[in-house]
Amino acid sequence: MSNVRVRFAPSPTGFFHIGSARTALFNWLYARHTGGTFILRIEDTDQARNSEAFLKLIYDSLTWLGMDWDEGPNPSGVGERGSYGPYRQSQRGAIYQRYKQQLLDSGRAYEKDGAVWFKLLGERYKVFDDHRKKEVEKVKTSPVVIDDQIRGRVERQEDEDFVIFRSDGNPVFHFVNVVDDIEMKVSHIIRGEDHLSNTSKHVRLYEGFGVTAPVFAHIPLILKSPEMGQGKMSKRDKGALIEEYQKRGFDPQALVNYLALLGWNPGDDREKMPIADIVKLFDLPGINQSNAKFDGKKLEHVNMLYTLQQNSTQFASGSAAYFKQQGLETVLLDQPYFNEVVLLAQPKIKAIGELPAYTSYFFRDPVIDSKVKDKVMAKGEPKVRLAELIAALPAMDFSSDTAIEAGIKSLAEGKGLGFGDYQAVARLAVSGTNAGPSITSMFRVLGKDRVLARLQKFLASA
RNA sequence: GCCCCCAUCGUCUAGCGGCUAGGACAGAUGAUUCUCAUUCAUCAAACCGCGGUUCGAUUCCGCGUGGGGGCACCA
């Protein structure tokens, strides 16, 4: 195992979204690529906004996406693993106190207005800040130089003392973040670019503790797609929540694959890649510097590729799990029938979540789409064709697709017509719509009795 | 307002001084198919602007513009 230690440090204050997942993923990939350690640390210091439900969501989402962590709370939420715990900040109060005291003792921190401030070294002067509309004390300091693995050399001036413990006694983010990273021996900090400006504070804190700062790598942000508007993607945007893709029956591997490609690429034209290949090729220097806009269409496409690739056993069991999750377990009563149905749909859909709607007429009477009906009934003599089909059906061989096809074809030829003359209206009568699997396999799976009944019912009401 | 980051088709991107600027998604057209979807062809689509550096800039530098982020006793 290498010395690389990276961490993902979410706050359980909201839904788990795409941006967080991507940050987690890059950390996870780097850990797995280097044979290092992936740490999950929960930043739950914000008592007011924390919730156990959101905490569970973090564990579940990471697990669903296949990102396992080496240290941190157990996925069950009970107990934890790793020797640098506790891994929840709410339980690390004593450590923060110790580090605060160290700073106080060394003169690098002081109390003012009931809060504890970190003290910058340098000449002090006062200036009016017209953004905050008040006079502030500034400090002349040498610029902080950050040697970022992705951004290169970044220089930033840190010129104001800042609070590390609020007057309510709670430590602030910058402080706990640095302390934990020191304590947990984090070697590389891979996080969103929105933290780049904060990094100068963090570097000063490392210096204050007399510790060498870890390697920084600030990854580009995920922005809204043009249709969604401007700015970075937030939990409120459509498609931003991991949960949504679970609900839509996406393959987590597809989501991970797509996310990996947002800001990184293997260096060639490959896009659909097994996770093992991504792990092998992933590295910090390969990460892009510019922000990427989220494209739900491309994600769907990638997911379709993964859906297509699943073998029938995988697809059927994945589908069954999905129906169960959606509270539609009644369709599973006849398992062999269910399997036949979903396998018919597999090559037609982009995500398993489309199945319930796409296959509904296999499990109950079809709902006739009136628009489609108007179109179909306007062409040729559909009612006559239907009647002919009903008459011919009882004698037809339903044992295979080819047998059914032959049956309909011979009927058509007998009347001097084509297969297509029966197809549209039969499809409408049986499924209620104009899109779906081939009419022959639809007939075969439904069975002759059901098909006949539906054709008759439709003709009677047409 | 101040500070930081970024800039190739609508989108994700390849390119790391000399290319007909490549691929993918989305879009258009055609073929295939019993419908739909797939698949397969074909098409359309980009180097933000201006100055430098150089024999030569998409590529290096500066400025401008544009986009993004940060400036709290939030995380």
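Computed from heavy atoms alone, side chains included, the values below leave out hydrogens, waters and symmetry copies. Proteins come first, then strands; the chains are lettered A, B, ... in the order of their sequence lines, and each starts at number 1.
A gap of 11 Å separates the P atoms of B:rG22 and B:rA46, to the nearest Å. Distance noted for atom C1' between B:rA14 and B:rC25: 15 Å (whole Å). Across B:rU8 and B:rC16, the matching C1' atoms stand 14 Å from one another, rounded to whole Å. Of the C1' atoms belonging to B:rA44 and B:rG68, the separation is 30 Å, rounded to the nearest Å. Taking atom P on both B:rC4 and B:rG62, the two are 13 Å apart, rounded to the nearest angstrom. Atom P of B:rA37 sits at a distance of 11 Å from the matching atom of B:rA28, rounded to the whole Å. Between B:rU59 and B:rU53, the two P atoms lie 15 Å apart (nearest whole Å). Distance check on atom P: B:rG49 versus B:rC55 gives 24 Å, rounded to whole Å.
Note: CG (A:N265) to P (B:rA14) measures 5 Å, nearest angstrom. Distance, A:F162 CZ to B:rA75 C1': 15 Å, rounded to whole Å.
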Determine all donor-acceptor pairs shorter than 3.5 Å in which one atom belongs to a side chain in residues 135-143 of chain A; sequence neighbours excluded.
unit_1 : atom_1 : unit_2 : atom_2 : d
A:E137 : OE1    : A:R124 : NH1    : 2.9
A:K138 : NZ     : A:E160 : OE2    : 3.2
A:T141 : OG1    : A:Q157 : NE2    : 3.4
A:T141 : OG1    : A:E158 : O      : 2.9

Using distance only, find each side-chain donor-acceptor pair of residues 415-423 of chain A under 3.5 Å and give its atom names and separation, not counting sequence neighbours.
unit_1 : atom_1 : unit_2 : atom_2 : d
A:D421 : OD2    : A:G418 : N      : 2.8
A:Y422 : OH     : A:E388 : OE1    : 2.6
A:Q423 : OE1    : A:R427 : NE     : 2.6
A:Q423 : OE1    : A:R427 : NH2    : 3.3

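Sorted by first and then second residue, the side-chain hydrogen bond (donor to acceptor under 3.5 Å, both in side chains) pairs involving residues 396-412 of chain A (not counting sequence neighbours) are A:D397-A:S399, A:S400-A:T402, A:D401-A:R444, A:E405-A:K409. Residues in residues 291-301 of chain A take part in these side-chain hydrogen bond (donor to acceptor under 3.5 Å, both in side chains) pairs, two or more places apart or across chains: A:R248-A:E300, A:E271-A:K298. Evaluation of the side-chain hydrogen bond (donor to acceptor under 3.5 Å, both in side chains) test over residues 223-233 of chain A, restricted to residues two or more places apart or in two chains, returns A:D194-A:K232, A:K224-A:D237, A:S225-A:E227.
Partner assigned to B:rC47 is none, using Watson-Crick or G-U wobble distances below 3.5 angstrom. Nucleotide B:rC40: paired with B:rG30 (Watson-Crick or G-U wobble, both distances less than 3.5 Å). Checking B:rC2 for Watson-Crick or G-U wobble geometry (two distances, each under 3.5 Å) identifies B:rG70 as its partner. Checking B:rU53 for Watson-Crick or G-U wobble geometry (two distances, each under 3.5 Å) identifies no partner in any strand.
Exactly one of A:H174, A:E207, A:H195 qualifies for a side-chain hydrogen bond (donor to acceptor under 3.5 Å, both in side chains) with A:H202. That residue is A:H174. The side-chain hydrogen bond (donor to acceptor under 3.5 Å, both in side chains) test with A:T199 is passed by exactly one of A:R204, A:R191, A:R156: A:R191.
Heavy-atom nearest nucleotides on RNA chain B were determined for A:I150 and for A:L305, and the one closer to the 5' end corresponds to A:I150.
Scored by the ring-ring contact (aromatic ring centres under 6.0 Å, His included) test, A:Y87 finds no partners at all (sequence neighbours excluded). In this structure, the salt bridge (charged side-chain N to carboxylate O under 4.0 Å, His left out) partners of A:D268, at least two apart in sequence or on a different chain, are A:R270.
Residues from residues 368-393 of chain A placing a heavy atom under 4.0 Å of any atom in RNA chain B do not occur. Annotation: proximity of residues 11-21 of chain A to RNA chain B (heavy atom, distance under 4.0 Å) is found for A:S11, numbered in ascending order.
At B:rC74, one or more side-chain N or O atoms of A:R166 fall inside 4.0 Å of OP1 or OP2 (strictly under the cut-off). OP1 or OP2 of B:rC6 lies within a sub-4.0 Å distance of a side-chain N or O belonging to A:Q289.
Considering only side-chain atoms of A:A435, the nucleotide from B:rC36, B:rC6, B:rC12 that sits closest is B:rC36. Nearest nucleotide to the side chain of A:L308, out of B:rU35, B:rC5, B:rU38: B:rU38. The side chain of A:W117 approaches B:rC73 more closely than any other nucleotide in the set B:rC73, B:rC4, B:rC6.
A salt bridge is defined here as a Lys NZ or Arg NE, NH1 or NH2 lying under 4.0 Å from an Asp or Glu carboxylate O, and A:R151 with A:E193 meets this definition.
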Q) Which nucleotides of nucleotides 64-70 of chain B have their base under 4.0 Å from a protein heavy atom (B), which only their sugar-phosphate (S), and which neither (-), written as one string 5' to 3'? A) ---SBBS
Q: For nucleotides 21-34 of chain B, just jot down a letter per nucleotide in 5' to 3' order: B, S or -, based on protein non-hydrogen atoms under 4.0 Å.
A: -BBBBS-------B
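In terms of modelled atom types and a separation under 3.5 Å, the side chain of A:D113 and the main chain of A:A115 share no donor-acceptor contact. Side-chain atoms of A:R166 do not come within 3.5 Å of backbone N or O of A:V172 as any donor-acceptor pair.
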Q) Where do A:R41 and A:E183 land on the salt bridge (Lys or Arg N to Asp or Glu O under 4.0 Å) test, with the steps shown first? A) CA-CA 12 Å; A:R41 179 173 76 227; A:E183 281 283 301; over 6 Å; no
What protein N or O atoms touch nucleotides 57-61 of chain B N or O atoms at under 3.5 angstrom, if any, and at what distances?
none

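Two residues are said to be in side-chain contact when any heavy atoms from C-beta on lie closer than 4.5 Å; A:L284 and A:I190 meet this criterion.
In summary, the aromatic rings of A:F26 and A:F282 are positioned with their centroids under 6.0 Å apart.
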